[in-house]
Amino acid sequence: MKGLRMTIAKHTINTLLDTLGENDFVNIIAYNDYVHYIEPCFKGILVQADRDNREHFKQLVDELQAKGVGTVNKALIEAFKILQEFKEAGQGGLCNQAIMLITDGAVEEYEPVFEKYNWPDKKVRMFTYLIGREVTFAENVKWIACNNKGYYTQISTLADVQENVMEYLHVLSRPMVINHDHDIIWTEAYMDSAVSTYRHGTHLGAGEDEHHVL
């Protein structure tokens, strides 16, 4: 992901960060040939989405550069593991979990990852943002969201970012009843940069490659 698409992807992540508050927890995972946290000090954890952390993440997102080929499946696995560990530690117990994938195309549906980490309960919602006008891999990106109780949208211009980012709030504000439990856990987005969020515990992950957001 380069040029205008990279600019749109970064703006999307920063706009997602702006929707978070001090009751949310977040991290950003970048990925190309390997998975890495844009802030190494926050490796493997979710941090409070207070003003200082949000602004720090924004600075790091602005410095991201496209390189290599994005390993979306590895970034997804890392995000699922963080959310699982966060929950098992008794943090964000009544939260919604969600992962946001920001990408300019997914070459597959990554079904084995979801089978292992999210199905059949689907307690982590997947929100996918397809960056740019290209629609070659749109069906895969849409499938990921639709099969994980999330929402899919395409962002073609900078002007589209604000409205499309806000859609996830409408989805997450609906009661989420799984197995008669009221679990509300949000994880936000993945960007070829992966962004995951935990609402009330929010985790944002961003990944580098051709930047897809996870």
Side-chain angles (χ1 to χ4, degrees), residues 9-10 12-31 35-62 64 74-102 113 117-118 121-129 145 148-151 165-176 178 181-191 193-208 212-214:
K10 290 180 176 181
T12 300
I13 292 178
N14 288 338
T15 303
L16 283 164
L17 285 168
D18 285 336
T19 68
L20 307 181
E22 293 191 358
N23 290 328
D24 302 316
F25 295 84
V26 63
N27 204 336
I28 299 180
I29 302 169
Y31 59 93
V35 173
H36 60 285
Y37 291 78
I38 67 170
E39 173 49 81
C41 293
F42 296 159
K43 182 177 180 179
I45 63 173
L46 297 177
V47 297
Q48 187 176 11
D50 57 28
R51 182 182 180 87
D52 288 345
N53 283 335
R54 293 197 308 269
E55 292 305 311
H56 182 55
F57 276 130
K58 287 180 183 180
Q59 291 178 4
L60 295 172
V61 167
D62 287 342
L64 284 174
K74 292 181 180 179
L76 281 171
I77 290 170
E78 184 70 15
F80 277 118
K81 286 181 176 179
I82 293 175
L83 291 174
Q84 184 177 356
E85 291 171 2
F86 192 78
K87 186 176 182 180
E88 289 176 350
Q91 299 172 290
L94 296 177
C95 301
N96 257 326
Q97 287 184 331
I99 293 173
M100 310 308 202
L101 172 62
I102 302 165
V113 175
Y117 292 97
N118 204 36
D121 294 339
K122 300 181 181 179
K123 290 193 175 184
V124 177
R125 292 194 180 203
M126 287 293 310
F127 292 84
T128 58
Y129 297 83
N148 290 280
K149 294 185 177 292
Y151 184 87
V165 162
M166 300 310 290
E167 287 296 332
Y168 91 88
L169 293 173
H170 299 307
V171 176
L172 285 175
S173 66
R174 302 169 190 163
M176 184 176 177
I178 302 178
D181 275 339
H182 293 269
D183 295 288
I184 302 182
I185 305 173
W186 320 15
T187 299
E188 293 206 2
Y190 275 37
M191 183 184 152
S193 288
V195 177
S196 359
T197 10
Y198 220 78
R199 191 61 167 176
H200 210 14
T202 301
H203 160 255
L204 286 179
E208 274 180 44
H212 302 16
V213 181
L214 268 206

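Treat the numbers as computed from the prediction; the structure is a model and nothing was measured.
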Could you give the distance from [atom1] ([X]) to [atom2] ([Y]), rounded to the nearest 0.5 Å?
{"X": "Y37", "Y": "I28", "atom1": "OH", "atom2": "CD1", "result": "12.0 Å"}
{"X": "K123", "Y": "F80", "atom1": "NZ", "atom2": "CZ", "result": "13.5 Å"}
{"X": "I77", "Y": "Y117", "atom1": "CD1", "atom2": "OH", "result": "4.5 Å"}
{"X": "L172", "Y": "T19", "atom1": "CG", "atom2": "OG1", "result": "9.5 Å"}
{"X": "L83", "Y": "K87", "atom1": "CG", "atom2": "NZ", "result": "10.0 Å"}
{"X": "D121", "Y": "K149", "atom1": "CG", "atom2": "NZ", "result": "10.0 Å"}

Which atom of [X] lies closest to which atom of [Y], heavy atoms considered:
{"X": "R54", "Y": "L17", "answer": "CD-O, 3.0 Å"}
{"X": "L16", "Y": "Y129", "answer": "CD2-OH, 3.9 Å"}
{"X": "A145", "Y": "T128", "answer": "CB-OG1, 3.4 Å"}

- Results of side-chain hydrogen bond (donor to acceptor under 3.5 Å, both in side chains) for N148 - residues two or more places apart only: N118, W119
- Which residues share a salt bridge (Lys or Arg N to Asp or Glu O under 4.0 Å) with E55, sequence neighbours left out: K58
- Task: Please identify each residue that fulfils ring pair (Phe, Tyr, Trp, His ring centres under 6.0 Å) with Y151, with sequence neighbours left out.
- Result: none
- Item | Any donor-acceptor N/O pair, N53 side chain to Q48 backbone, under 3.5 Å | yes
- Task: Tell me, please, which residues at least two apart from D62 pass side-chain contact (heavy atoms from CB on, under 4.5 Å).
- Result: N14
- Message: Run V26 and D24 through side chain to side chain contact (heavy atoms under 4.5 Å, CB included) and show every step you take.
- Response: CA-CA 7 Å; V26 63; D24 302 316; over 6 Å; no
- Query: Taking only residues at least two apart or on different chains, which pairs with a member in residues 35-50 satisfy salt bridge (charged side-chain N to carboxylate O under 4.0 Å, His left out)?
  - Reply: none
